[in-house]
Engineer: 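Below are the structure tokens for one structure; questions will follow.
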Amino acid sequence: MATTGGAGGPGTGGAGVDGLPGDGSGATSADGGPVLSRQEVRRAAKRRRSLRDRLIAAVATVVVIGGLLALLLTSPGWPNVRDTFFDVDQFREHFPDVLGGFWLDVKLFVVIEIGVLILGLLIALSRITRAPILFPLRLLATVFTDVFRGVPTVLLVYLFGFGIPALELSGLPTNPMICGGLALCFSYSAYVAEVYRSGIDGVHPAQRSASLALGLSEAQTLRHVVLPQAIRRVVPPLLNDFVALQKDVALLGIVGVVEAFRQAQIAAADQFNYTPLLAAAVLYLCVTIPMARGVDVVQARSRRRRGAAGVA
Amino acid sequence: MSTPGEDVPAGPGSATTPDGPPTRTAGGSSVPVIELRGVTKAYGDTPVLRGVDLAVHEHRAVVLIGASGSGKSTLLRCADLLEEIDDGDVLVDGEVITEPGVRPLATRRRLGMVFQAFNLFPHLTVLENVTLSPVRVHGVTKAEARDRGRELLARFGLAGREDEYPDRLSGGQQQRVAIVRAIATRPRALLLDEITSALDPLLVGEVLEVVRELKREGMTMVITTHEMQFAREVADEVCFLHEGRIVERGPASAVLGAPQQDETRRFLARLLDARQG
Ligand SMILES: Nc1ncnc2c1ncn2[C@@H]1O[C@H](COP(=O)(O)OP(=O)(O)O)[C@@H](O)[C@H]1O
Ligand SMILES: [Mg+2]
């Protein structure tokens with residue numbers, strides 16, 4: 001009955017009230033029919049729309065990719081490019097070397113990343129400390145982040161990789177790989193420290209109050225209440241930085257570390273064929289794409305969790 | 001009262017040892033568990049507390065009422081040393097805890113606090129929330145803390161919820177966990193700050209029931225609330241806070257039933273309007 005009133009509209013409302021009973025029942029059944037089928041009509045329309053959307057997406061993809069391919073394959077330089085970048089024999093010949101170099105990339109990445117996670121956290125903690133005795137530490141940490149975030153990473157790798165060994169100070173490492181790695185580690189620690197800090201800032205002050213009210217000290221509060229929540233928050237942005245670092249390990253090639261990119265360059269120079277570089281690119285993608293998808297999954301999960309918490 | 005300083009060592013000493021319900025002091029010592037003397041507090045240039053005197057004796061419940069913004073939360077936070085006071089003194093068991101130089105930590109260990117928004121730790125399970133302080137602060141063994149935690153949770157209708165995370169619980173359950181968390185450390189007194197204000201009206205009853213139970217057991221409490229019926233039931237004393245001062249105090253029947261001050265009357269009338277409208 002309620003739908004009848006709504007469907008009847010204001011025009012029929014006045015007349016309907018005084019109308020004959022037969023009239024009313026006729027209207028209900030007449031309206032009842034269309035109400036049901038209208039639902040069906042809408043559902044069908046929705047189906048049609050989604051089908052059309054998918055069709056448009058498919059056609060657009062084929063057209064764009066086909067167009068780009070056509071442009072590439074019909075370009076005057078294509079035969080040349082094909083021979084210097086997509087040479088199957090070259091790929092086969094140099095892939096093992098490049099893979100060997102890439103293994104070094106992976107090892108460097110793991111070591112540097114662990115250093116970054118620890119150093120970044122220490123810097124973040126130094127920056128949030130309020131104890132007056134630790135003021136110098138806070139100052140140092142602030143200067144550190146400003147400097148290492150402000151200088152391009154390539155430049156840092158150069159300066160560290162060639163500069164530190166040149167000092168010839170005893171006790172300082174002379175291996176360009178270690179020095180360059182240190183540069184990467186410092187640069188990324190500066191970024192990661194800021195990520196940690198934003199995570200710590202994001203923990204609600206009420207959590208701190210609750211912890212202090214339970215008698216936990218400031219340090220215990222940080223350790224048991226604030227940091228666990230902060231770190232959970234920053235996992236997705238940290239993973240993003242992981243992906244970036246994974247690629248930037250290639251910068252160590254410029255100070256002579258024979259990792260995948262350097263290895264590929266050497267092989268390319270040998271034959272004036274750039275296919276080994278392509279091999280290196282493929283290897284990087286093999287690691288960074290799964291990592292990027294991993295970030296997506298983690299982000300989606302934390303979004304869902306926060307959504308659920310918001311409802312509760 | 002004249003020589004509370006002499007009793008100081010005994011007070012806190014006995015405070016950390018009681019087992020189960022607090023032991024009654026023989027002869028009813030006149031040293032209040034919590035005492036505020038002329039406490040003032042301002043945020044920047046805004047005075048929030050303008051000289052508050054309050055004494056809460058053992059096993060008694062004092063209910064603070066007042067409009068929002070009148071300084072109720074600030075008063076409780078000052079008593080727990082979560083905020084620094086500007087002037088006056090706060091005493092726990094006769095010991096001045098607001099002397100510069102007294103570490104706030106020891107005081108907070110003696111008092112328990114429950115907040116309007118529960119403030120449970122979302123990354124810890126219900127049981128971990130409850131055992132954190134006993135294990136980390138009070139040196140109770142993990143096994144012992146867990147046993148007692150389970151027992152307390154069960155007593156307040158939370159059996160079987162130990163391993164859930166707080167966001168899986170209803171607001172009423174979360175607040176009950178927060179109360180259990182606060183009493184798991186065997187505090188000398190409990191500070192309850194509008195603990196039902198964030199709850200669905202249907203869930204208010206179960207939380208108030210917990211407080212009634214604690215009152216029956218003799219827990220010393222300072223409670224801020226807008227639930228006047230509840231205040232009548234549990235309050236040994238009701239204090240009406242207005243613009244940072246306690247302008248009227250006395251038994252619930254007097255303050256709520258026959259208020260003497262205009263401000264109190266206006267506040268109660270407004271509250272009644274809000275309930276009906
Ligand atoms: N951290 C703070 N900084 C500045 N002002 C505050 C802060 N906390 C509370 N206030 C102010 O102090 C006054 C009293 O607040 P509060 O104690 O929360 O009152 P109540 O609990 O009675 O509602 C309010 O005007 C509030 O805006
Ligand atoms: Mg408040």
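Everything numeric here is computed off the predicted structure, so don't read it as measured data. In what follows, chains are A, B, ... by sequence order, proteins preceding strands, each numbered from 1.
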Engineer: Is there side-chain contact between A:Leu214 and B:Val137, with at least one heavy-atom pair below 4.5 Å?
Structural biologist: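 No, too far: nothing below the 4.5 Å cut-off.
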Engineer: Just checking B:Glu213: does its CD atom have more than 12 heavy atoms from other residues, nucleotides or ligands closer to it than 6.0 angstrom?
Structural biologist: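 Buried by this count: over 12 neighbours within 6.0 Å.
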Engineer: Tell me the closest heavy-atom pair linking B:Arg77 and A:Ser209, and the distance in Å.
Structural biologist: NH2-OG, 3.1 Å
Engineer: Taking the side chain as every heavy atom from C-beta outward, state whether B:Phe121 and A:Ser211 have any pair of such atoms under 4.5 Å apart.
Structural biologist: yes
Engineer: Does anything in residues 193-202 of chain B get under 4.5 Å of chain A by heavy atoms, and if so which residues?
Structural biologist: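 So no residue qualifies.
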Engineer: To the nearest 0.5 Å, what is the distance between CD on A:Gln229 and CG on B:Leu124?
Structural biologist: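 Reported value, rounded in 0.5 Å steps: 8.0 Å.
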Engineer: Does A:Val225 reach the side chain of B:Leu132, with side-chain heavy atoms less than 4.5 Å apart?
Structural biologist: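 Yes; the side chains approach each other to less than 4.5 Å.
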Engineer: State whether the side chain of A:Gln207 and the backbone N or O of B:Leu120 hold a donor-acceptor pair below 3.5 Å, judged by distance alone.
Structural biologist: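 Yes, because the side chain of A:Gln207 sits within donor-acceptor range (under 3.5 Å) of the backbone of B:Leu120.
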Engineer: If you compare all heavy atoms of A:Ala210 against all heavy atoms of B:Phe115, which two are closest, and at what distance to 0.1 Å?
Structural biologist: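 Minimum heavy-atom separation between A:Ala210 and B:Phe115: CA-CE1, 3.7 Å.
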Engineer: Enter the distance from B:Arg136:CZ to A:His224:NE2 here, rounded to the nearest 0.5 Å.
Structural biologist: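 Result: 4.0 Å between the selected atoms.
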Engineer: Does the pair A:Leu212 and B:Asp80 meet the rule for a side-chain contact (heavy atoms from CB on, under 4.5 Å), with working shown?
Structural biologist: CA-CA 9 Å; A:Leu212 294 177; B:Asp80 207 14; over 6 Å; no
Engineer: Measure across B:Met113 and A:Ala213 and return the closest heavy-atom pair with its distance rounded to 0.1 Å.
Structural biologist: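 Closest approach of B:Met113 to A:Ala213: CB-CB, 4.0 Å.
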Engineer: Looking at residues at least two apart in the chain, or sitting in another chain, which of them share a side chain to side chain contact (heavy atoms under 4.5 Å, CB included) with B:Ala182?
Structural biologist: B:Val114, B:Leu190
Engineer: Which residues satisfy the ring pair (Phe, Tyr, Trp, His ring centres under 6.0 Å) test with A:Tyr284, sequence neighbours excluded?
Structural biologist: A:Phe102
Engineer: Name all residues meeting the ring pair (Phe, Tyr, Trp, His ring centres under 6.0 Å) criterion together with A:Tyr191; count only those two or more places apart in sequence or in a different chain, and write none if there are none.
Structural biologist: none
Engineer: How about A:Arg208: does its CZ atom have over 12 heavy atoms from other parts shown lying under 6.0 Å from it?
Structural biologist: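 Count not over threshold, so no.
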Engineer: B:Leu111 versus chain A, heavy atoms under 4.5 Å apart: side chain, backbone, both or neither?
Structural biologist: backbone
Engineer: Can you name the closest pair of heavy atoms from B:Arg109 and A:Gln220 and give their distance?
Structural biologist: NH2-OE1, 4.5 Å
